[in-house]
Amino acid sequence: MKDIREDIAWAKINRDVLVSLENPRKLYWVIVFGALSLFSVGLGCEIYQYQVGMGVANLNNPNVWGLYIATFIFWIGMSHSGTLLSAILHLMHADWRKPIYRFAEAMTTFSLMTAGLFVMVHIGRLWQFYYALPYPNDRGTWPNFQSPLLWDAMAIFTYLSSSVLFLYVGMIPDLAICRDNLHKGWRKKLYTLLALGWEGTDRQWRNFRVTYLTIACFLIPLAVSVHSIVASDFAMSQQPGWHVTSFPPYFVAGALYSGCAAIITLFIILRYVFRFEDYMTKSILKKTVRLTFAIAMVWTYLNAVEFAAVWYGHDMDAKAVLIQKATGPFAPFWWGMVFCGSVVPLMLAFKRFQTNIPVLFAVSLLLNLGMWLERWMIVAPTFSHGYYPWVWDNDQWPSLIQWGMVMGSFGWFTLLFMVFCKVFPSVSMYEVKEMVYHRSLHLKKNETAGQGAH
Amino acid sequence: MSVSNLLENWSQFRHFHPVDDKPHDPYKWAMSIDIDACSGCNACSVACYAENNIPVVGKERFQHGQQMHWMRIERYWPDHDFDFPEQGAEFLPMMCQQCEAAPCETVCPVGATNHTADGLNSQIYNRCIGSRYCSANCPFKVRYFNWYDYPTDETVWPAEMNRQLNPDVSVRGKGVMEKCTFCVQRLRAAEVTAKGEGRIVREGEVQTACQQACPTSAISFGNLVDPESRVHKQWQAQQVEMNVDEQEKDKEPGGSHLRGYRILEELRPYPSVMYLERVRESAI
Amino acid sequence: MIDSSSIKQLAGHPFDRRDFLKVLGWSGAAVALSGCGNTSIENGKETVVSYVEAADYVIPGVAVYYNSTCAQCDAGCNINGRVREGRVLKLEGNAASAINRGKMCGLGQAGVQHHYNPDRVREPLLRKGDKGETISWDKAYALIAEKLNGVSGEQVAFLSGAVSGHLKVLLGNYLESLGSKNLYVYEAVAPAVQRAANKKAYGTEMPRFNINKAKVVLSFGADFLGSWVSPVHFSQQYAQFRKGVDGQRGVLVQVESKMTLTGANADRWLVVRPGTEGILALGIINALGASGVTLSGDVAAAVQGYDKARVSNDTGVSVEHLDKLVALLKERTPSLVLAGSAAEGYAHGSQNAAAINLLNQVLGNVGKTIEASASVPFPQMIPAKGNTAALKTLNDDLAAGKYKVLFTYATNPVFTAPGSMKFKANLAKAGFKVAFAHYLDETALEADLVLPLDSALEDWGTQVPEYMAEGAQINIQQPLMEKLHANTQGMGDILLTLVKQREADKYKDFADYYGYLRGSLLTIKGALGSGGTDDDTFWDETLTSGIIKLAGSAEQLSGNASAAGLQLPAAAAADAQYSFHLIPSVTAYLRDGRHTNQPWLQESPDPLTTIVWDSWVEIHPKKAAELGIVEGDVLEVSSRTGSIRAQAYLFPGIHPDAISIPLGRGHEALGRYAKGYGVNPFQILDAVFDQETGELALHETRVKISKVGQRIIVVKDEGAAGGKPEQRRIALSKSTDQVKLSEEV
Amino acid sequence: MHRFLRLSFMLMGLLVASGSYAADTQKPTLTTEDDLGPQVTQPIEFPHYRHAGLKNPDDPTNSDPSKGGMEIDCQYCHTYARRSAVAGIPPLQKCIGCHQNIESVRNKPRIVELFKYWDAKKAIPWKKVHDLPDFVRFNHERHIKRFVEQQNRPTQEACGYCHGDVKSMTVARRSKSLAMGWCASCHEKNHPVTAEGGTPIGNQAYWYKFQKPVVASSDGVVKAQGPNDCWHCHK
């Protein structure tokens, strides 16, 4: 099985990819419509909450964070796999990433934007959020640079802007192709503008590669730091259950994990709706699945490390939280997390499932569900079972407003993503061409070697 | 505060007691609560509602755990199994402990909660953006969030009822955190008066609302650095030190005869409230 | 923080105090609320309200304090109201008071919410079918005069809550002018049996109990920290008692079937089978006798047969505890034995109380920890004490259609009368019903004419507490601010107007109740110990201090409690059908339910269960497990009289054969914060009365319970841990042999 | 590659440098000249210049209202300021107290208006000119004690720190920014701890470690800052 056919003509690549900008399958519209409705629900919930007060979310004194923060971490985590595929694998010269890194990178950007929304949704006085920004003002006040939340805001903002830049820079040659192949309408103007006069000269290519590499190098530590900082939102606080040393890597592993799972999901969807069967091949899928499996096992290991550290540690309050997770009112969700996060991925170890698209689709959704539950299980049980037993609360079921906004965020993300794929080439044309070229060179080399011409 | 000012004064801006080179002077407001005297009657809590414009949230919001009582009376039963609570219940008034190394202060993204020079943990409503990180990080869970907009809620302060509001205390709108302030409006008024007269606030000159109401005088409040104050004497007699996470007396094998302790001291927030253990007769 | 300088200035001010209040107000202008309006620097958007004239001591932004009297219960605490810009903000205790010494309970502090309550009646209302029609005061007075015309004194009755001071005098005068003797004073929750028993044992209805002088307090259901007689005063005494009498920490032993707030603070809480408190008291006397305390002949005879085994069997108190208790009482003297409502709420309540008082006698506490209290030398001002026996008489008369005009004031019998009395139906038989009311409560809703009253914070008055703490005192109640509503009147003013209708000449010198009060007090100022001072000084001083303190009398208690006629029934047999004793509990803040519309009280958690805003049924966890009941199960509680439904709360501090429902909630009227919250256990009380005093036996109702099949979330402050500290160092406890209290500050 | 990195480093350096410079120079300045706020329409146009303005040396009888004032001390009318956190507005009684004896202006329209309110016993609905947000609690008493009573500054100077040169105005207008940074800029300054004649001010205010008095290097005078914790003004 090959990652890609070596005999695809470059013109066919252009044609196939450009067609995705115009004529997707019907399912595309169904998805867009579904996403739009979900998003409207979320938006309605937010408007209601904004006007009436945070109370409608059914948060309360110990349970101050709820699903918003859990989902925030989920989306931040989701963003990591884009960076993994595009930057890390780029540096490692894994060329099978080429047909799929573009949409993964887009996923990074959009999930970060979604995560940012949750910060907004979560704060009590949305209209004053700018107090958290460090800017000179006539009050002479500054935000508190000691607060992990501020680091968080800065890390996310930097990561987002870098990701957008990375996505954009990587797209310039393709935008030029779009520019050259489309001849009318606003799109033409858009592509002309964004292509920055790309002509494909040697000088341009040289500068392009240096820039791209630089941003990639810059992005990797950033990605790791972002989720480590999100982990320190918890680890730097005083509540029981968030103090295991492996918390940051645990968060990063979880992030990559959920991201990979999401890539599988979107891979399958895009492959179908845009008819990308030639580029998003089963072979690439298989590689992705194997990568996911590896990360799942790393995550499982780190999870086990966390439980063990708590179980054998001296922090009795943290242990109480762990016991509460496993036996208390959150038990179904916690065990659900263990099942979806550690048991379900075992299926990916079997070769026959590694290319079975329906199974993979279902599994990837389950993995994401598991990872979402993981985030919820980090946030909620600690709050409902903290240091102070008087306020322990096991009756904290998020209100429909919270659920509505969580659903809305999926709608928002899908909407952005789908619109992106329709407007911009979601498969990197020039890199696929490179890939085909390299493969064919390789093939030729092998052929000549086989013939023993030397 | 400009950047240079910020950099120069960072250590002061983020000044944490207790540090030995910066002792409290001339004020360190502190409390001691004798839970043997506390009868659990809730008078302090009502006084707090009256003094600090605390909204009455109503049944439904209370059910959702959104009550706002800055001062709550906790009722504890013994940990072991029992048929009847033969030694009664234990009542514990719990409010913001005004920690010296307050976990809430470090995490607020906008610096809406700070330490004041007189040892209070301040909460600035108009700076708060409502991230609730402070509450998340409070081990005592004594911070209360305005889940709804109570000033405009007709069930909370309907016409006439709003005339009871204390003009010295801001009425909090939705989306900000609030908590016990040790009746800072009274402290500041007393401090200003004393300042004008070129002296420090005398013992007994200022009372918190809860202390003032408490029918059994279980609550003492005062200036911990004033050797004349009752609170100072009590802390000293109970050998409770502000700057440690485990008191000397608690290290004594078999326990000491002293009753003073601070709750969740081992987490090192250095609370400013000392509790005196409940006592029960051994002869009956 | 009493601003004493401003009070002194007040005393010396040349204006009449009355005019003052008018000047003080903000001329009716809106009051700027802080914090919820303006959020940026503005110019010329808001109006700053200035005074037209202002006294020197009135400074915007600086509070003025006035002394007055708390009207939330009858304990007579002296209060100190904080007034800013003409609004009363907060009630604090008057430090000079012997009763509360600057302290306040939550109920008292909620007095401001009574005053500012949005549900107060604002206009006189005349019944028109089912609705009330606003009429003018003149018309209302004319209507009363018209209705009284040609009606004999016999046909007029006045039902009042406890009333004292000049209001009582005026009320008496009014009834006298009508030729009526039908003054019924009714309080649903009152220590009526106690008074009778005390009278018998000590020769006085309400002696002074010195908790702070006792080394052991043995309380039979007296919730003196919560709701009994004068709780704020007793709380202070309790604090002293805990700090130590002669260096020894006082020991509190509470005997009751349902834990009260006081029981929760006891060193030893002894649960007894409901109604057997008297048996336990006699058992203790018997055991004391056996351990060498000399008993007089009749006492020895009376306790004959109350041996430990039998007493333990009857009451459920173990012999071990009985022994320890007896040893403690014998060893540590003086002690104090208190009989509270829990011991008295039975058909044999008087007997229980007598047995308990006898224990005081045997222990020699009379004269030591129980002393004679001083009384006010004006018997006409001494409080008219309420009880339910009065209500019973009235109810019977009403049923017989005896009354053509009925006045009601400061009591709400439609809500508080036991359901078995069918008071509401009987009330309808009265010809013309006038209610003087603050709220449209259940009784006012039945009235033909409702006359709105001033709140205690805007009205004048005097009050004489029933329980005198130190010497005797007359409390002054004075307005803390201008009237909130233009069309309310003080009860004193109303009575004065009414009595003028009958005897205009006699009262022509008094323009209003204020004048009457001032005049009356000035005429007796000699007797009040201020004979030498001139009128204005006396008056200013009186208003400044808010208390007229009188020397205590040196009268001795009779201490002649005898065991004669002491007949205690055996412990009540189980009732097969109605197997539970119903204990309607009196909570510290809601009492008989007249203050339920004050939201602070609704949201102030019940100290023991931490439940708010609702009623609940306390049931012992073991019993509940037996019946398969868990917290939040809605239970149907049925007595022979009726049934109510409320949520279950599993509470360890209750006898397994009893359930308890708090009083005070379950209003069908009263106001937005009271209506529809909880249930009213008064509705299902059986008509059982104390055999001697005729007082309602509050604890005699037997009930059965059944699950309705619905489960709700109990709205309470306590979290999922159910008040267990879960091994954390939170509320710690030591025993007396581990501490050295004498070394403490 | 090198060139590219050099460029980006230079750009970033420039950004940081200019940003911090901007932040540093953002320090609000203490306005001295009048920067008048909007004119507020009052029920009666109270002529501050006539009451508090400087006397005209050429007009000893003070008969010409257009020329000079009467140099009445601010505190003569605004008595609450030294006794309370809020300055309030003097009661109507105060105006009448003088004006009932000043027959010469009795028939001027503003005075006629004034007496209308007095006869009706109605308070004058003055508009707030210096209206801080409700969560800001400025304490007048403390500032007057500090600067007028203890440091012997003239009242008009001390009040003028925040209210501007009211003695030259008719209806008072806001002339200072009153923004928080503006307040703080004064609190961050070192103010002399001793009065001009060398009278030591009681050892008030300077106990706080943050504000321990220091000897200023410029003039050798002992100085200290104002309080700087948030809870002094917001509570």
Side-chain angles (χ1 to χ4, degrees), chain B residues 1-9 12-13 15 17 19 21-27 52 111-128 151 166-173 176 181-189 191-200 225, chain D residues 16-17 19-29 82-86 132-150 180-181 183-185 187-189 193 200-212 225-235:
Chain B
M1 202 185 284
S2 61
V3 168
S4 54
N5 195 327
L6 186 79
L7 295 175
E8 280 161 24
N9 297 310
Q12 293 186 340
F13 177 59
H15 164 106
H17 293 288
V19 278
D21 61 325
K22 281 187 180 170
H24 282 289
D25 181 27
Y27 298 119
N52 291 306
T113 177
N114 289 293
H115 221 67
T116 70
D118 46 359
L120 300 173
N121 169 234
S122 68
Q123 174 68 32
I124 311 303
Y125 310 124
N126 43 307
R127 179 70 180 164
C128 178
N166 185 355
D168 294 338
V169 178
S170 299
V171 178
R172 285 78 59 186
V176 300
T181 62
F182 267 6
C183 287
V184 68
Q185 66 282 4
R186 293 180 175 207
L187 302 184
R188 290 289 186 254
E191 284 172 11
V192 161
T193 311
K195 242 187 209 179
E197 293 169 14
R199 57 177 177 85
I200 66 164
V225 294
Chain D
V16 169
S20 59
Y21 177 76
D24 202 33
T25 51
Q26 187 66 27
K27 194 183 243 175
T29 45
R82 65 171 175 273
R83 296 184 286 170
S84 166
V86 298
L132 294 177
D134 289 348
F135 47 72
V136 182
R137 290 153 202 285
F138 178 82
N139 192 331
H140 284 87
E141 179 190 359
R142 183 67 211 129
H143 287 86
I144 293 199
K145 279 235 162 74
R146 171 74 174 78
F147 292 105
V148 179
E149 293 178 17
Q150 291 170 333
M180 177 174 148
C183 299
S185 68
H187 277 237
E188 281 173 6
K189 269 179 153 182
V193 172
I201 302 175
N203 59 339
Q204 75 286 13
Y206 315 113
W207 297 297
Y208 296 164
K209 275 287 171 191
F210 298 172
Q211 295 107 272
K212 279 274 159 158
Q225 294 182 357
N228 69 350
D229 84 55
C230 318
W231 244 355
H232 268 92
C233 309
H234 307 295
K235 50 193 176 241

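By convention in this document, chain letters (A, B, ...) are assigned in the order of the sequence lines, proteins followed by strands, and residues within each chain are numbered from 1. Heavy-atom basis, side chains included; hydrogens, waters and symmetry copies ignored. Nothing here was measured: the structure is a model prediction, and the numbers come from that model.
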*Quick one: does D:H234's side chain get under 4.5 Å of B:R127's, heavy atoms only?*
no
*Looking at CG of B:L120 and NZ of D:K235, how far apart are the two atoms once the value is rounded to the nearest 0.5 Å?*
11.0 Å
*Nearest 0.5 Å please: distance from the NZ atom of D:K145 over to the NZ atom of B:K195.*
12.0 Å
_Working to the nearest 0.5 angstrom, can you tell me the gap between B:R188 CZ and D:R142 CZ?_
12.5 Å
*asked:* If I compare all heavy atoms of B:S170 with all of D:D134, which pair ends up nearest, and what's the gap?
replied: OG-O, 4.3 Å
*All ring-ring contact (aromatic ring centres under 6.0 Å, His included) counterparts of B:Y125, not counting sequence neighbours*: none
*Which heavy-atom pair separates B:N121 from D:W231 by the least distance, and what is that distance?*
O-CH2, 3.3 Å
_Leading residue by heavy atom contact count with chain D [cutoff under 4.5 Å; candidates B:T193, B:I124, B:V192]_ = B:I124
